[in-house]
Amino acid sequence: MPSPETTRPVEHTHEFEGDYRPSNAASPTTPRVHIEPMQIDFLTQLADALNNTLDLQTTMQRVADLVRAVIDYKIFAILLINDRTQDFWMRFQIGHSPESERMRVKIGKGVIGRAAELRRAVLVEDVSKKDYYIPANPDVKSELAIPLISKNKVIGVLDIESTQIGYFTQEHQRLLELVASRIAIAIENARLYTRVARQAQTLTVLGEISRELTSILDLDDLLERIGQLMKRVVDFQMFSILLWNSRSKHFEHRFSTRFGERVQRQHIVEPGQGIIGTAAKERVPILVPDVRKDSRYINYHPETRSELAVPLVYKEQVIGVIDVEHTRANYYNEEHQRTLTTLAGQVAIAIENARLYERILEEEQRMERDLAMARQVQLRLLPGAPPSHPHADFFAKFLPARSIGGDMYDFLDYGPGRTLIVMGDVSGKAAPAALYAALVSGILRSLGAQQLSPGHLLSSLNDQLQERKLDAQYVTMLIGLWDDNEQTLSIANAGSVQPLFVTGGEVRTIQAEGFPLGLFPHAVYEEVTLSTQPGDQIVFFSDGITDAENSSHEMFGNERLVEVLRKLKNPTAQITGEAILKGVGHFQSQTEHFDDETVVVLHVR
């Protein structure tokens, strides 16, 4: 690549950008400027061309075409400076070989580098006589390089070359000097427009990525999708996401790809270890242009040249690191870093959401197992088969609204021909209600050995619960003592639903009332005694039966229950109990049950 030469060097004593006035410009003598008609036409066309586009490639192509109209060059290039590496690379060229196009030119080196360093045009009539010339093309004999200066900063160099010695003239140089600052401004405007357009596109993509990431709750699926979506904004050949393990106190590879293929990486990274560990420990992104020159790099991939590691921070805690690598040195830049840093915040939130969902799912599965076991325990607390007497048979069924519930029923043996019927409903639902129901059942069975009357049993049970009082926890209960010899039923009620007495084709409510257990000390409960005849039935039921709702939020109610009982002809306890549950189920249809449902039926033979 040709190097510079200066013909009649010009020293600048001013700060004006792109100013190529001779050194005596400050002289009070007004300079005489002579512009040829061809030059005026060239300047006009150039101004029009540069004003009509903001596309960088189009801008440089038009500059090349217009320069060729006045200078018949063979080789043309516009080189722009890389602010990070401070060298020039070809952004646009005509006539250069692929090898020349890939070259990087340092400031001060070759014709181009000298033009940038001196901040003025360099004209070389015979490149073979300049020891600083870079012989990229053996056919090149002469060269003219014009620095492009914008805002007092060299942003690039316009370079033309010829295969003839002394091909370029002072007129060529002055003409290009005249338009160099305008070309520089046009290029900067086009680059700014390109950056803004790219940033807008990147922000749009980031918005799409953020929306998609928040919808993925499976952690493995999320990490894989992050790798796929990341490729849209930051290219890479090696990609890894490492997550912090709070138990082992190190970062673990949770997802990695290499040249597009999923790979398993087993090694761990300690905080401060390598580029990844350092990014995590210092809580800042780390951009390494060439890992071969960075002592922190751990050689996992021998082909890696550039690397970018960005910590994932959630609520002031580093939860992981995103790491991208490329085989080309100086591949990643500050724009990549900004993009990845912007995305890292959303990625961290998505990962934490997925991990939280993962923990909740594990907890739910554990709770499901516990509830299944609790349901088995609760069912074991219920009596097996209902008792049977010569003059009575029983039906009992409990349907919990959830896996387990707060309803309970029991049959206690009170000696020959006598059975104590118990049905209760604990406040609340699910596990707390079931636990309290188990407590009540245990106390009840311990008191049952004393064979107390229904009223006295409720009073004693209430006193026991007062000793074990729980805030806002209580139980309603209905107790009936069946005497098969006398065919009588003595009933005491502690706030439960009043039972129904079916006799002679009529259905009436048994008027028995009382306070729920566990709320007030020293409560006294009255008893009601019924004399029965064959065919009579007493129906005990929880409020889950009458309060059951359909899709229109209508309750099943007492009237529908009475109607079910009236329609039965010569039923047994089994037929009555099943008819009630069937009627309630049909009424609710597919509506979710919100309360436990319990039915106990006593049928007098």
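From a predicted model like this one, the values you see are computed outputs, not experimental measurements.
- There is a side-chain donor-acceptor pair under 3.5 Å between Ser97 and Ser100.
- There is a side-chain donor-acceptor pair under 3.5 Å between His253 and Ser256.
- A pairwise comparison of heavy atoms in Val234 and Leu340 identifies CG2-CD1, 4.5 Å as the closest pair.
- A parallel orientation is assigned to the rings of Tyr331 and His336, their planes being inclined by less than 30° (bins at 30° and 60°).
- With a 4.5 Å cut-off on side-chain heavy atoms, Arg114 and Arg120 do not count as touching.
- For Thr58, the side-chain hydrogen bond (donor to acceptor under 3.5 Å, both in side chains) test picks out Asp55, with sequence neighbours left out.
- Salt-bridge annotation for Asp221 and Arg225: absent, with no side-chain N of the basic residue lying under 4.0 Å from a carboxylate O of the acidic one.
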Discussion item. Run Val124 and Lys130 through side-chain contact (heavy atoms from CB on, under 4.5 Å) and show every step you take.
Written reply: CA-CA 8 Å; Val124 180; Lys130 302 299 179 180; 3.7 Å; yes

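- In this structure, the side chain to side chain contact (heavy atoms under 4.5 Å, CB included) partners of Ile275, at least two apart in sequence or on a different chain, are Ile286, Val288, Val291, Arg296, Tyr297, Glu307, Ala309.
- Of all heavy-atom pairs spanning Val233 and Thr339, the tightest one is CB-CG2, 3.8 Å.
- Applying the salt bridge (Lys or Arg N to Asp or Glu O under 4.0 Å) definition to pairs two or more places apart or across chains, those involving residues 247-260 are Asp220-Arg254, Arg258-Glu303.
- For Lys106 and Phe88, the positive end is not near the middle of the six-membered ring at less than 6.0 Å and at most 45° from its axis.
- In this structure, Ile146 and Leu144 have side chains that are in contact, with non-hydrogen atoms separated by less than 4.5 Å.
- Contact check for Tyr332 versus Gln337: no side-chain heavy atoms found under the 4.5 Å cut-off.
- There is no side-chain donor-acceptor pair under 3.5 Å between Ser150 and Glu188.
- When the shell of 6.0 Å around NZ of Lys281 is examined, it contains 12 or fewer heavy atoms from other residues, nucleotides or ligands.
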Pairs under 3.5 angstrom only: tabulate donor-acceptor contacts from the side chains of residues 319-326 to other protein residues two or more places apart or in another chain.
from: Glu325; atom 1: OE1; to: His301; atom 2: ND1; distance (Å): 3.3
from: Glu325; atom 1: OE1; to: Thr304; atom 2: OG1; distance (Å): 2.6
from: His326; atom 1: ND1; to: Arg328; atom 2: N; distance (Å): 3.1

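- The closest side-chain heavy-atom distance from Glu597 to Asp595 is not below 4.5 Å.
- Here the two rings, on His267 and Tyr300, have centers that are under 6.0 Å apart.
- By the side chain to side chain contact (heavy atoms under 4.5 Å, CB included) test, Glu592 pairs with no residue at all, sequence neighbours left out.
- Inter-residue side-chain proximity for Trp244 and Val318 is flagged as unmet; no heavy-atom pair is nearer than 4.5 Å.
- Scanning for side chain to side chain contact (heavy atoms under 4.5 Å, CB included) contacts around Asp65 gives Gln61, with sequence neighbours left out.
- Contact between Leu222 and Ala354 at its shortest, heavy atoms only, is CD2-CB, 3.8 Å.
- The 12-atom threshold is exceeded at OH of Tyr436, counting heavy atoms of other residues, nucleotides or ligands nearer than 6.0 Å.
- Using a 4.5 Å heavy-atom cutoff, the side chains of Glu363 and Ile360 are not in contact.
- Heavy atoms from other residues, nucleotides or ligands lying under 6.0 Å from CD of Gln86 number more than 12.
- Residues Ser542 and Asp407 come closest through the heavy atom pair OG-OD2, 3.1 Å.
- At a cut-off of 3.5 Å, with distance as the only test, a side-chain donor of Asn152 or Arg119 sits close to an acceptor on the other residue.
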